[in-house]
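All remarks here apply to the structure that follows.
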Amino acid sequence: MCGIVGYIGPQNAVPFLIEGLKRLEYRGYDSAGIAVCQADGSLSVRKQVGRLSNLEESLDAEPLSGSPGIGHTRWATHGEPSTLNSHPHLDCSGRVAVVHNGIIENYLSLRADLEAKGHVFQSQTDTEVLPHLIEEILKPGGKSHVEAIREALRLAKGAYALGIVFQGETDAFYAARCGSPLIIGVGDGEQFIASDVPAILNRVKKVIYLNDGEVAELRPSGVTLTRLDGTPTAVVVQEVTLRAEAAERAGFETFMLKEIYEQPRVLRALLDTHVDKNGAVRLDEDAEALLAAEMPDIQRILVLSCGTAYYAGMYGRLLFERWVGIPSETDLGSEFRYREPRLPEHTLVIAVSQSGETADTLASVRLARTMGCKVLSICNVAGSTLLRESDAALPTQAGPEIGVASTKAFTAQLMAFVLLTIRMARLRGIMSEARERELTAELARIPNAIHRVLERQADIRAISQKYYECYNALYLGRRFNYPIALEGALKNKEISYQHAEGYAAGEMKHGPIALINEFLPVVCLCTPTADEVYDKMISNLKEVEARKGRIIAVVTERDDKARAFAQDVIPVPETIEEYSSIVNVIVLQLFAYHNAKARGADIDKPRNLAKSVTVE
Ligand code: M6R
């Protein structure tokens, strides 16, 4: 939620600030702004409501230059999207500029105290208390800028990633983190800050992952880190292995389409990392060690996640029960944290998150940890808070996912669950080596199967052209394809704004059947054919047909039953039921994509959404 960047060095900060914000715009796009310390020490702020291009136009018309500089792209939480509520925010005298990602929870009481002391606020944001607080602390004199920042942050409660510049200080700027992501890019005689690595990928190859409670003082010559009480902390510089091209569109019209097309490669890479030449699954060392220690005692598995990752969790649960034989449940991070959960002893928590920064997932994981649970995370972003707070990880290594709608991270999560559950079943001694080989051999066919679905893009687009004007759509699936029906509906809603419901097909008769008429497209997941729930799906198709619903059936290439009921069919390669989800979801991603395109939506930046939801 919100992206921040910053620069100090011999160059003009502005081009980097704009370039970095462009790469972070997926985090929020309600407004954008920058603050730059000019060569004469004066502090200039420029901000514009709406997309970053508005800010760019304003800078083209009236350029700014200098160093250090900070920038922000906003996803509004406190205060409507407006120029006044845009970051950077200033103190009364315009000497301290702050960009912030997160929420200062006690801002109302801080603001009241400051107003009583004569501070006049311009915005409705929580952030604005910070420059005023720093100004107030500096007033009596005798304190350095970094001391004032630390003191202010000792008073502020909540979550933040911050960039701060001061008027007249051209050789330093500051950053701090508590609960919201922030990294420092270490260059040669220059330093950067950003909310995530892709924003600075083409500038530096070395980064420092700031820890919660640390304040950084950045100078062209280096970085110093301290805790809020002033004690110094060690600076750990890490090499970045991601390539800059990974965050570019590579000729695709949108990041989402590029990411949809990356799926065969991403899944192949995940397989190559974890399946050896004999078809045996091996996880990373920490995951192997955790499972070796915990497997004998695990009584229950609890999968925690939000949004699309939650649907991946529902899929994982089916595998835990079917292959590993351990009772499993899934919960939404936003529900689990408030539901006074009772967890049996030896509950293993599996947290799933693309970003590793989702506030509700993190809070629920922290709660589970207080109850003694070990946590294994399926996560895409190296160095994320979730990974750092987990006992072990299964990195999905899908590369940066920039499109707000999750695609490749989701299929990588599904495959990660397959790998994890095969490994756990083997460790538990309930899956034979031969069965493991059989399952990994079939899994190795999935990237090609996805490729074949991608080749049908033109057909899927043609079908979407018939339905994109409908007000509603219903998505039906059973068992392993029920989470996929939910995911397909979510994908459609979030990028095309066409209302869509995902439903367990067997539940249709308990309510949604009332919606069916000749205007309702009903997307039915009818694969694989050789499966006990297939016949049940056929019965559901008959029920829809009888009420004149318009059936779009995803079927296997050799299917001859389901297609008889459908107005439109999308054939996909056949695989086992457990893997059919990974193939079918590609159809639904493309269907949502072309719906959204036909409806003229901004696919990579759907309205009201942000890529990672770092607030409650
Ligand atoms: O980064 P996370 O996987 O934790 O994010 C969870 C959800 O916010 C995310 O999946 C969201 O639902 C996406 N917009 C779905 O496309």
For this session: Assess the side chains of N380 and T396: does a donor N or O sit below 3.5 Å from an acceptor N or O?
Result: yes
Exercise. What distance do Q397 atom CD and L267 atom CG have between them, rounded to the nearest 0.5 Å?
Worked result: 10.5 Å
Exercise. Counting distance only, does the side-chain N/O of R426 pair as donor-acceptor with the main-chain N or O of M431 below 3.5 Å?
Worked result: yes
Exercise. Is there a side chain to side chain contact (heavy atoms under 4.5 Å, CB included) between L271 and M415 once you walk through the steps?
Worked result: CA-CA 8 Å; L271 273 165; M415 188 171 272; 3.8 Å; yes
Exercise. Does a sphere of radius 6.0 Å around CD in E285 hold more than 12 heavy atoms from other residues, nucleotides or ligands, not counting ones at 6.0 Å or beyond?
Worked result: no
Problem set entry | salt bridge (charged side-chain N to carboxylate O under 4.0 Å, His left out) between K597 and E253, worked out | CA-CA 11 Å; K597 210 174 151 196; E253 59 191 19; 3.1 Å; yes
Exercise. Counting distance only, does the side-chain N/O of Q498 pair as donor-acceptor with the main-chain N or O of C470 below 3.5 Å?
Worked result: yes
Problem set entry | Closest non-hydrogen atom pair between M256 and A405, with its separation | SD-CB, 4.0 Å
Exercise. Between the side chains of T411 and Q263, does any donor sit under 3.5 Å from an acceptor?
Worked result: yes
For this session: Apply salt bridge (charged side-chain N to carboxylate O under 4.0 Å, His left out) to the pair K605 and E25, showing each step before the final yes or no.
Result: CA-CA 8 Å; K605 300 186 188 89; E25 217 186 351; 3.5 Å; yes
For this session: Would you check, one step at a time, whether the test side chain to side chain contact (heavy atoms under 4.5 Å, CB included) holds for V381 with D196?
Result: CA-CA 9 Å; V381 177; D196 70 19; 5.9 Å; no
Exercise. Are T347 and Q299 close enough that a side-chain donor and a side-chain acceptor fall under 3.5 Å?
Worked result: no
For this session: State whether the side chain of D559 and the backbone N or O of A562 hold a donor-acceptor pair below 3.5 Å, judged by distance alone.
Result: yes
Problem set entry | V237 side chain reached by V207 side chain, heavy atoms, under 4.5 Å | no
For this session: Calculate, to the nearest 0.5 Å, the distance between atoms SG and CZ belonging to C306 and F336 respectively.
Result: 12.0 Å
Seminar exercise, completed: Correct closest heavy-atom pair for Y209 and A382 would be OH-O, 3.7 Å
For this session: Just do the side chain to side chain contact (heavy atoms under 4.5 Å, CB included) check on R339 and D331 with the steps written out, would you?
Result: CA-CA 10 Å; R339 78 165 158 89; D331 207 349; 2.4 Å; yes
For this session: Assess the side chains of R461 and N595: does a donor N or O sit below 3.5 Å from an acceptor N or O?
Result: no
Exercise. Is there a donor-acceptor contact under 3.5 Å from the side chain of S390 to the main chain of A393?
Worked result: no
Exercise. Under the side chain to side chain donor-acceptor pair (under 3.5 Å) criterion, do T308 and K491 qualify, and how do the steps go?
Worked result: CA-CA 9 Å; T308 285; K491 217 80 308 170; 3.2 Å; yes
Exercise. Considering all heavy atoms of both residues, which atom of S464 and which atom of H594 are nearest to each other, and what is their separation?
Worked result: OG-CB, 3.1 Å
Exercise. Taking the side chain from T440 and the backbone from G279, do they hold a donor-acceptor pair closer than 3.5 Å?
Worked result: yes
Exercise. Would a 4.5 Å heavy-atom cut-off, applied to side chains only, mark T358 and S355 as touching?
Worked result: yes
Exercise. Does a side-chain heavy-atom distance below 4.5 Å link R479 with E532?
Worked result: yes
For this session: Consider only side-chain N and O atoms of T385 and E357, and report whether a donor and an acceptor are under 3.5 Å apart.
Result: yes
Problem set entry | Salt bridge E288-R423, side-chain N to carboxylate O under 4.0 Å | yes
Exercise. Can D568 and Y467 be counted as having a side-chain donor-acceptor contact under 3.5 angstrom?
Worked result: yes
Exercise. Counting distance only, does the side-chain N/O of R478 pair as donor-acceptor with the main-chain N or O of V533 below 3.5 Å?
Worked result: no
Exercise. What closest approach, in Å, do E507 and P512 show between heavy atoms, and which atom pair accounts for it?
Worked result: O-CD, 3.7 Å
Exercise. Is it true that a side-chain atom of E259 and a backbone atom of E401 form a donor plus acceptor pair closer than 3.5 Å?
Worked result: no
Exercise. Which residue pairs pass the salt bridge (charged side-chain N to carboxylate O under 4.0 Å, His left out) test with at least one member in residues 533-553, sequence neighbours excluded?
Worked result: D535-K561
Exercise. Are any of the side-chain heavy atoms of L201 and V240 separated by less than 4.5 Å?
Worked result: yes
Problem set entry | Donor + acceptor pair across side chains of T527, Y534 (<3.5 Å) | no
For this session: Check whether any side-chain N or O of R437 sits under 3.5 Å from a backbone N or O of A280 as a donor-acceptor pair, and report yes or no.
Result: no
Problem set entry | Trace of the side chain to side chain contact (heavy atoms under 4.5 Å, CB included) decision for V583 with I446 | CA-CA 7 Å; V583 177; I446 296 303; 4.0 Å; yes
Problem set entry | Heavy-atom closest pair, residues S581 and N481 | CA-OD1, 3.6 Å
Exercise. To the nearest 0.5 Å, how far apart are OH in Y338 and OG in S364?
Worked result: 10.5 Å
Exercise. Would you say the side-chain atoms of K509 pair up with the backbone N or O of A505, donor to acceptor, closer than 3.5 Å?
Worked result: no
For this session: Report yes if the side chains of L520 and L474 come closer than 4.5 Å at any heavy-atom pair, otherwise no.
Result: yes
Problem set entry | Residue pair V418 / E578, side-chain heavy-atom distance below 4.5 Å | no
Exercise. Below 4.5 Å, heavy atoms only, C-beta onward: do F417 and V303 meet side chain to side chain?
Worked result: yes
For this session: Please round to the nearest 0.5 Å and tell me the distance separating atom CG of D297 and atom CE of M295.
Result: 10.0 Å
For this session: Classify the side-chain pair T361/S305 by whether it contains a donor and acceptor separated by less than 3.5 Å.
Result: no
For this session: Please confirm whether the backbone N or O of F255 pairs with a side-chain atom of D604, one donor and one acceptor, at under 3.5 Å?
Result: yes
Problem set entry | Flag side-chain contact, heavy atom, 4.5 Å: Y482 against L486 | yes
For this session: Quickly, which of Q354, Q589, E262 forms a side chain to side chain donor-acceptor pair (under 3.5 Å) with K408? Name it, please.
Result: E262
Exercise. Listed by chain and number, what are the side chain to side chain donor-acceptor pair (under 3.5 Å) partners of R300, not counting sequence neighbours?
Worked result: E329
Problem set entry | Pair K493 + E501: basic N to acidic O under 4.0 Å | no
Exercise. Checking side-chain contact (heavy atoms from CB on, under 4.5 Å) against F591, which of V554, I460, I586 comes through?
Worked result: I460
For this session: Measure the OG1-CD distance between T529 and E557 for me, rounded to the nearest 0.5 Å.
Result: 10.0 Å
Problem set entry | Derivation and outcome, salt bridge (charged side-chain N to carboxylate O under 4.0 Å, His left out), residues R452 and E455 | CA-CA 5 Å; R452 298 238 305 268; E455 284 173 351; 5.7 Å; no
For this session: Supply the atom-to-atom distance R563 CZ to I551 CD1, rounded to the nearest 0.5 angstrom.
Result: 14.0 Å
For this session: Please collect all ring-ring contact (aromatic ring centres under 6.0 Å, His included) contacts where either partner lies in residues 261-313, sequence neighbours excluded, each pair once.
Result: F252-Y261
For this session: Specify the closest pair of heavy atoms between S328 and R317, including all atoms of both residues, with the distance to one decimal.
Result: O-NE, 3.2 Å
